[in-house]
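The next block holds one structure in the form of C-alpha cells; read it before the comments.
For the numbers below, each heavy atom of this structure counts, side chains included, while hydrogens, waters and symmetry mates do not. A note on names: the letters A, B, ... follow the listed sequences, proteins ahead of strands, and every chain is numbered from 1. This one's a predicted model, so the numbers in the text were calculated from it and none came from an experiment.
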Amino acid sequence: MSFVPEKQVFKSSIDVLEIGTGETSVKLGGQSVWPLYAFDGPLVNPPRVGIQISDLGCAGAIAGIQDYYADCADIAAQTIRAAEVPGAEFVCLILEGADPNGADRSVAETVELVKTVAAACPLPLTIAGCGSAEKDAELFEALAEELEGRNVLFLSATEDNYKALGAAVVLAWGQKLAAESAVDINLAKQLNLLLGQIGVPNSALAMNVGCAVAGYGFEYVASTMERVKITALGQNDAALQIPIITPVGTDAWTVKESMAEEADFPEWGSREERGISFEVATAAACLAAGADAVLLRHPESVSTIATLIGLLTEGGE
Amino acid sequence: MALKGLDIFKLTPKTNCKDCGVPTCMAFSMKVAQGALPIDACPHMTPEAIAQLTDATAPPMKTVHIGVGDAAHTLGGETVLMRHDKTFVSKSLYAVRLTDDMPAEVIDARLTEVAALDYERIGERMTTDLLFVSHGGGTADAYVALVEKARTAGRTLVLDVTDEEIAKAALAKVAGAGPVLHGATPDNYEAFYALASDADVALGVRASSLAELHDTVEALEKLGTKRLILDVGCASAKEAFAGAVQIRRAAISGGDRSFGYPSLVNIATLAAGNHHLATALASLFTLKYGSIIVLEKLDYALSLPLHGLRQNIFTDPQKPMKVDPGVYPLNGADPSAICAITCDFALTYFVVSGEFERSGVPTNLLISDAGGYSVLTSWAAGKFTASSIAKFIAEAGIEDKVTSRTLVIPGKVAVLKGELEEKLPGWTIVVGPNEAIQIVKFINELSA
C-alpha cells in the first residue's frame with residue numbers, strides 16, 4: 001500500500017500578535033500546526049525576523065557590522081540602514097545605553113533618542129530594555145505614551161515589573177508587551193496568567209521564554225519551547241497560546257567562541273564567520289523548537305534566516 | 001507496538017516448568033510484556049515463537065551500525081519524537097562531501113580541513129564523522145581513486161553512487177571498513193541489495209517521493225535486508241524537511257516499520273554554495289531527525305556551534321550535563337590569580353566562565369563536584385556546602401595548585417561564608433554576586 005503521510009493539525013491555535021501599523025505591520029503566530037510544519041497545514045504567519053540595533057550605535061560590534069553601518073551619521077540613519085537588510089521585517093532597538101550599570105542615560109534622554117529612531121523607522125518597531133527591571137519599567141512607561149499609535153512591542157516584562165508594565169504599556173497606551181521568563185514552562189505560564197489577571201489580553205502579548213546559545217545549554221531551550229507548543233496546541237492551554245519571540249543576536253556574539261580573536265585561536269578562523277555561524281545555528285534551532293520570531297544582529301544572519309524561512313514555507317501548504 | 005502478556009502467554013509451552021526462574025508461564029509472559037525479561041529467558045520457546053515475538057516487541061526504529069574500529073558509529077534506534085520524553089540515543093553524524101568532478105586541489109583542501117577539525121568539548125571528541133563520496137559522472141577509475149584517497153582520512157565513508165559496476169569496484173576497495181552504500185533506487189534496488197549483502201554493509205535508499213521510497217523499502221525488506229538508511233530527498237529544503245519529519249513520525253507514532261530507519265539529509269545539495277544557509281539547515285536537521293547530515297564543508301566556524309548544539313540535544317533529559325571538577329584558569333590566570341568557586345552543572349560553568357572571560361580579569365575558576373546541579377539546588381541537596389567545598393579543596397590539592405588565598409563564592413550561598421572561613425584557615429572568603437551577569441562589574445571592582 002502506498003505511503004500517505006499523516007497530517008497533524010491541532011484543534012487549538014496560537015493567538016495572533018500584530019506589531020506596527022499599516023502596510024508594513026507584522027503578524028506573529030496563528031498556526032494550529034507544529035512549528036515550521038507547513039506540510040501539515042498553513043502556518044498562517046511564517047516565523048518573522050527582526051534586526052537588532054543598539055542605542056549606543058555600533059561601538060563594540062564586530063568590524064563587519066560596523067562596516068555595514070559605516071556611513072550612517074546617527075542612530076536615525078542606522079535605523080533606516082537596518083530596515084534595508086533583506087529579510088528584516090521589523091527593527092528591535094536595544095536600550096543598552098540606559099543601563100544603570102553602564103552609560104546610565106536618563107529616561108528623558110532615552111525618550112528623545114527613541115523618538116528619532118521611531119520617526120526614521122520604516123518598519124514596525126520593537127524596543128528592548130536595558131535589563132534592569134526598575135529602569136525598564138520607567139523607560140517603557142514613558143516610551144509607551146510617547147509612541148502612542150505606533151503599536152510597538154516592548155521587551156520585556158519580568159515578574160518584577162509586569163504589573164507596572166502591563167498597566168502602562170498595554171492597558172493605558174495600547175502597545176504590545178513581551179513576557180520574559182527563564183527557560184521554564186511553568187514560569188512562562190505563570191507570568192502570562194499574572195498579566196491576564198490584571199487585564200492584559202493574549203492578543204497584546206508575546207513571550208520571551210529565554211534562550212541559550214547553541215552549545216550552551218540549548219537542550220533546555222528546545223525542551224521548553226517544545227513543551228510550550230505541545231501544551232498550547234495539544235492541550236488547548238490558552239495561557240501558553242502566545243507567540244514566542246527570541247532575542248538571539250545579543251547572546252550569540254558574547255560566547256567565548258564568537259568573542260575570541262583570530263590571533264588567539266588561529267585554527268578557528270575569522271571571528272566574524274564564527275559569530276554569524278553561532279547566530280544562524282542558534283536562530284535556526286529556535287525556529288525548529290518553536291520560536292515565532294527571532295531577533296538577530298548581523299545583516300548576513302538576518303538574510304540567511306529569512307531565506308531559510310522562505311525555503312521552508314514557499315508555496316504555502 | 002506494545003504486546004500484551006496474554007498474547008505472549010499463547011506462545012509459551014504453558015508447562016509452568018519454572019526453568020525461566022518465574023513460577024508460572026503466565027507470570028513469565030507478564031514480565032516479558034513489561035520488558036523485565038527477554039523472551040529467550042524461556043528455554044522452551046520454539047524458534048518461530050521467538051521470531052514472532054522479537055519482531056512484535058522490536059523498537060519502532062532500527063539501529064544501524066556502520067564503520068569499524070575508531071570510525072564505528074551507531075545510527076537510529078530512536079523511540080520518541082521529542083527529547084524531553086526520552087533521550088535521543090544516536091546523535092546526528094556530520095559528513096563532508098567529496099565528488100569525483102571536484103578539482104584535485106579542492107579535494108585536497110577538504111581533506112586537510114577534515115584532518116584539522118579535531119578538538120574536545122566537555123569530554124566529547126568533535127570531528128568530521130563521515131566522508132560522503134559522490135560519483136559525479138566520471139569514470140569508474142576516477143571514482144575508485146577518489147574513494148581510496150578519501151579512505152586515508154580514517155573516516156567511515158558513504159559511497160554515493162547509483163551505477164552498479166562503479167559501486168562494485170569501489171566496494172571492493174573499502175568493504176572491510178563498513179561503509180554505507182548509498183545506493184539503492186527504485187530502478188536498481190535488486191542489484192544494490194545483492195552488492196550490500198555480499199559486502200555486508202548498510203544500504204542507503206533514495207527515491208523521487210516518499211511513497212516511492214516506502215515502496216522501495218518494502219521491496220528491499222522482502223528481499224531480506226533491514227540495514228537501511230533513508231534519503232529524505234533533496235529536491236528542495238521544504239521537501240527534505242517534510243521528508244525527515246514524516247519518515248520519523250510514521251516510524252515512531254505511526255508504527256510504520258518500513259520507515260523505521262535512520263535518515264540521510266544532503267545539505268551539500270540543498271544549500272549548494274551557500275555556507276550560511278547550510279549552517280541554518282544543519283542546525284534545523286540536528287534538532288529534527290537528521291541521522292546523517294551531508295555538508296559541502298565543515299570548518300571550525302560551523303563546527304563550534306553545530307557540534308555544541310548536538311552535544312546539547314543528545315543528552316539525557318533526566319541527567320544534568322556535568323563538567324569535570326578541578327581548576328580552570330581563565331584569561332591566562334597563573335597560580336597567583338584570584339580564585340572563584342562554583343558547582344559542576346555544565347550550564348552554570350558555561351555562564352560563569354563566560355562572564356569571567358568577558359571581564360578579562362585573570363581568575364582561577366574552581367569547579368567543585370556538586371552532583372551536576374545548579375548552585376541553589378546542589379546547596380539544598382547538601383552537595384555544595386562548606387564541608388564539601390573544603391573537602392574538594394583538600395582532595396583536589398588546590399592549595400598546591402594556586403598561591404592565591406582569596407576565594408569568591410556565589411552570592412546565592414553567601415550563608416556559607418562563616419563556616420568556610422572556619423574550615424579553610426588562611427583563606428579570605430568573598431561573597432560574589434547573585435547572578436552571573438553581575439560578575440564582570442564585581443570582579444573588575446574587586447581587582448581594581
Examine whether an atom of [X] lies under 4.5 Å from a heavy atom of chain A, and if so say whether it belongs to the side chain, the backbone or both; otherwise answer neither.
X	result
B:Leu304	both
B:Ala250	side chain
B:Ser303	neither
B:Ala242	both
B:Asp85	neither

### Summary
In terms of heavy-atom pairs under 4.5 Å with chain A, the winner among B:Lys288, B:Gln246, B:His276, B:Arg121 is B:His276

### Query
Should we say atom CD of B:Glu113 is surrounded by more than 12 heavy atoms from elsewhere, each under 6.0 Å from it?
yes

Could you give the distance from [atom1] ([X]) to [atom2] ([Y]), rounded to the nearest 0.5 Å?
X	Y	atom1	atom2	result
A:Leu287	B:Ser283	CG	OG	9.0 Å
B:Lys238	A:Leu311	NZ	CG	10.5 Å
A:Ser303	B:Asn274	OG	CG	10.0 Å
A:Gln8	B:Leu81	CD	CG	8.0 Å
A:Lys256	B:Glu357	NZ	CD	5.0 Å

### Query
Looking only at heavy atoms, which of residues 438-445 of chain B get nearer than 4.5 Å to chain A?
B:Lys441

### Query
Are the aromatic rings of A:Phe265 and B:Tyr300 close, with centres under 6.0 Å apart?
no

Which atoms of [X] approach chain B - backbone, side chain, both or neither, heavy atom under 4.5 Å:
X	result
A:Leu308	both
A:Ala283	neither
A:Arg227	both

### Summary
Residues at least two apart in sequence or cross-chain that pass ring pair (Phe, Tyr, Trp, His ring centres under 6.0 Å) with B:Phe259, listed by chain then number, are A:Phe3, B:His214

### Task
Could you tell me whether the side chain of B:Thr279 and the main chain of A:Ala281 form a donor-acceptor pair under 3.5 Å?
no

Testing the basics here: between [X] and [Y], what is the closest heavy-atom pair and its distance to 0.1 Å?
X	Y	answer
A:Phe218	B:Leu287	CE2-CD2, 4.2 Å
B:Ala280	A:Thr304	CB-CG2, 4.3 Å
B:Leu347	A:Tyr216	CD1-O, 3.1 Å

### Message
Listing request: all salt bridge (charged side-chain N to carboxylate O under 4.0 Å, His left out) pairs with a residue in residues 298-311 of chain B, at least two apart in sequence or in separate chains.
### Response
B:Glu124-B:Arg310, B:Asp129-B:Arg310, B:Lys297-B:Asp299

## Note on the structure
Here the salt bridge (charged side-chain N to carboxylate O under 4.0 Å, His left out) pairs for residues 273-288 of chain A, sequence neighbours left out, are none

### Message
We want to know whether A:Ser223 and B:Arg83 form a side-chain donor-acceptor pair, criterion being a heavy-atom distance below 3.5 angstrom.
### Response
yes

Check: [Y] and [X] side chains under 4.5 Å, non-hydrogen atoms:
X	Y	result
A:Val221	B:Asn312	no
A:Asp40	B:Arg249	yes
A:Thr282	B:Leu309	no

### Query
side chain to side chain contact (heavy atoms under 4.5 Å, CB included) between B:Glu212 and A:Ser2: does it pass, once the steps are laid out?
CA-CA 8 Å; B:Glu212 205 182 21; A:Ser2 198; over 6 Å; no

### Message
I'd like to verify something: which residue of A:Ala288, A:Ala284, A:Ser277 has the highest number of heavy-atom pairs under 4.5 Å with chain B?
### Response
A:Ser277

